[in-house]
Amino acid sequence: MKTNDQSEFIIGRHPVVSALRGKQEINKVFLQNGIKKDEKSVEEIIKLAKQKHLVISTVPKQKLDLLSDNQNHQGVVLSISPYKYATIDELFENSAKQDVPPFFLILDNIEDPHNLGSIIRTADAAGVTGVIIPKHRAVGLTSTVAKTSAGAIERIPVARVTNLVNTVNDLKQQGVWVFGTDVKGADYRRWDAKGPVAVIIGNEGKGISPLLKKNVDEMLTIPMVGQLQSLNASVAASLLMYQAYNSRNPL
Ligand SMILES: C[S@@+](CC[C@H](N)C(=O)[O-])C[C@H]1O[C@@H](n2cnc3c(N)ncnc32)[C@H](O)[C@@H]1O
C-alpha cells in the first residue's frame, strides 16, 4: 500500500480484488487505458466496482506509475479513504449519546479541502452532531482536510451518501427539519434550531443544487450589505452553525 496527502492506494489486481470484496471505504478505481476488460481478473474488478457504485476512472499508464510509485500495478490501482466514514444511524446515535437533538450539517459538494477542514473544525466547536457529504464530485476526508480541521475530524462523525436528496427526505421522515441556505430566504438571525435540525451549505461555485433546494423545509439567508453576491462557504457555514448554537444554548 502507498499513501500520499489525499489517499492511500492499493496496487495490483489481486490486492484490489480482495479490497473490493472487503469492507474497506473505497474512493475510486483506476484502470489503465486500453486494459483488456475481458480478462478474468479485470472483469471481476469491474463487476465488484459496479456493485459498489464506485467511480471507475480510465487513465494513462504514467498516472498509475505515479500513483503506485512505479510498483507493478498490472494496470489497476484503487484509492481508499484513510478515514472511516459513519452511517446516518451513527450520526443519530452520536446525538443521543450527547443527549441533544440531532444537529446535522449537510455539505452539497464542497470541493476545496481547506473549506471542508475548516467547516468541520467549526462544526465540532458549535456542537454539530454529524456531517453529511456526498460520495461523488465532492472532496472526501483527505489528509489536507484532517490537517485543516485541527483534529476535529477525529471527533465528529462524517457520513458519505450516494444521493443527498434521498438523504434529506429520509431525515425529514425521521423528524429532522432541513434548512437550505442561499442569498434569498428567511433572515438566519430568526432561526430557532432547538429541535432536530440539519442545515445545508452549497458548493463554492454553484451553491445548493436546485433539486435539493426544492426538498428543504425552509431557506435561510445571511443578510449582506456589500457589493459581493455571496459569502465564502466556510464563513457562511460558521455563522449559521453559531446561530444554531446560540438558539440551542441561550445565555
Ligand atoms: C460561495 S456560496 C455559493 C454562491 C453561488 N453562486 C450561489 O448562487 O449560491 C457557497 C455557499 O455558502 C452559503 N452562503 C454564502 N453566502 C450566503 C448568504 N449570504 N446567506 C446564506 N448562505 C450563504 C450557501 O450555502 C452557498 O451555497
Side-chain angles (χ1 to χ4, degrees), residues 88 91 102-142 144-145 148-150 152-153 156-172 176-248:
I88 298 288
L91 304 194
F103 173 16
F104 299 151
L105 184 67
I106 301 174
L107 303 173
D108 184 12
N109 289 340
I110 293 294
E111 288 176 277
D112 177 346
H114 294 99
N115 270 343
L116 181 58
S118 108
I119 289 172
I120 291 175
R121 180 176 180 164
T122 310
D124 179 52
V128 167
T129 54
V131 175
I132 301 170
I133 61 174
K135 238 179 209 161
H136 302 298
R137 293 185 304 279
V139 66
L141 298 183
T142 66
T144 308
V145 174
T148 325
S149 85
I153 210 174
I156 189 156
V158 179
R160 214 161 55 144
V161 301
T162 323
N163 185 316
L164 281 181
V165 174
N166 290 347
T167 302
V168 159
N169 285 317
D170 288 348
L171 292 178
K172 283 161 68 179
V176 176
W177 286 84
V178 181
F179 295 85
T181 58
D182 74 2
V183 289
K184 275 194 209 120
D187 192 313
Y188 86 116
R189 291 172 294 178
R190 292 195 202 286
W191 181 32
D192 179 349
K194 275 193 204 78
V197 293
V199 60
I200 312 176
I201 301 296
N203 171 269
E204 292 91 341
K206 298 191 202 114
I208 299 178
S209 80
L211 187 57
L212 200 53
K213 272 187 200 168
K214 276 196 195 141
N215 283 275
V216 303
D217 291 304
E218 195 177 356
M219 293 297 291
L220 299 171
T221 297
I222 304 162
M224 296 175 58
V225 294
Q227 301 285 313
L228 294 172
Q229 300 293 318
S230 64
L231 296 165
N232 161 279
S234 134
V235 171
S238 301
L239 290 167
L240 288 150
M241 286 187 273
Y242 265 92
Q243 170 61 24
Y245 173 89
N246 287 340
S247 68
R248 289 161 77 94

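We count ligands from 1, going down the list as the structure has it; atoms in each ligand are counted the same way.
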* Asked: Is there a donor-acceptor pair closer than 3.5 Å between any side-chain N or O of K172 and the backbone N or O of N215?
  -> yes
* What atoms in ligand 1 come closer than 4.0 Å to a heavy atom of I201? -> 25 (O)
* **Sub-4.0 Å heavy-atom contact, D108 with ligand 1** => no
* Identified side chain to side chain contact (heavy atoms under 4.5 Å, CB included) partner of N109 from the options V139, I208, N203 -> N203
* To do: Taking the side chain as every heavy atom from C-beta outward, state whether S209 and D108 have any atom pair closer than 4.5 Å.
  => yes
* Purely on distance, is any nitrogen or oxygen of T181 under 3.5 Å from one on ligand 1? -> yes
* Mark yes or no for whether D217, through its side chain, and V178, through its backbone, hold a donor-acceptor pair below 3.5 Å. => yes
* For ligand 1, does E204 get within less than 4.0 Å through its side chain, its backbone, both, or neither, judged by non-hydrogen atoms? -> backbone
* Structure fact -> If you scan protein heavy atoms around atom 12 (O) of ligand 1, the nearest is A233 CA, 3.6 Å
* State the atoms of ligand 1, each with its element, that fall below the 4.0 Å cut-off from a heavy-atom position in M224. => 19 (N)
* Test item: Q243 side-chain N/O and R189 main-chain N/O as donor-acceptor pair under 3.5 Å -> yes
* For atom 6 (N) of ligand 1, closest protein heavy-atom neighbour -> G205 O, 3.1 Å
* Asked: Of all the non-hydrogen atoms in the protein, which one sits nearest to atom 13 (C) of ligand 1, and at what distance?
  -> A236 CB, 3.5 Å
* What atoms in ligand 1 come closer than 4.0 Å to a heavy atom of T221? -> 20 (N), 21 (C)
* To do: Give a yes or no on whether the backbone of A186 and the side-chain of E218 come within a donor-acceptor separation of less than 3.5 Å.
  => no
* Structure fact -> Closest to atom 9 (O) of ligand 1 among protein heavy atoms sits G207 CA, 3.5 Å
* Purely on distance, is any nitrogen or oxygen of D182 under 3.5 Å from one on ligand 1? -> yes
* Protein heavy-atom partner closest to atom 4 (C) of ligand 1 - residue, atom, separation in Å -> S230 OG, 3.6 Å
* **Under 3.5 Å: donor-acceptor pair, side chain of T181, backbone of L220** => no
* Contact check, side chains of D124 and I120, non-hydrogen atoms, under 4.5 Å -> no
* To do: Report, in ascending order of atom number, the atoms of ligand 1 lying under 4.0 Å from any heavy atom of L220.
  => 21 (C)
* Asked: Does the side chain of I119 come within less than 4.5 Å of M241's, by heavy atoms?
  -> yes
* To do: For atom 8 (O) of ligand 1, find the nearest protein heavy atom and state the residue, atom name and distance (0.1 Å precision).
  => K206 O, 4.7 Å
* To do: Decide whether an N or O pair under 3.5 Å exists between I222 and ligand 1.
  => yes
* Closest to atom 26 (C) of ligand 1 (judged by heavy-atom distance), picking from A237, G202, P223 -> G202
* For T148 and S118, indicate whether the former's side chain and the latter's backbone hold a donor-acceptor pair under 3.5 Å. => no
* **Among N203, I110, N232, V183, closest by any non-hydrogen atom to atom 10 (C) of ligand 1** => N203
* Are any of the N or O atoms of L231 closer than 3.5 Å to those of ligand 1? -> yes
* Please list, chain by chain and in numerical order, all residues satisfying side chain to side chain donor-acceptor pair (under 3.5 Å) with R160, sequence neighbours excluded. => E25, N27
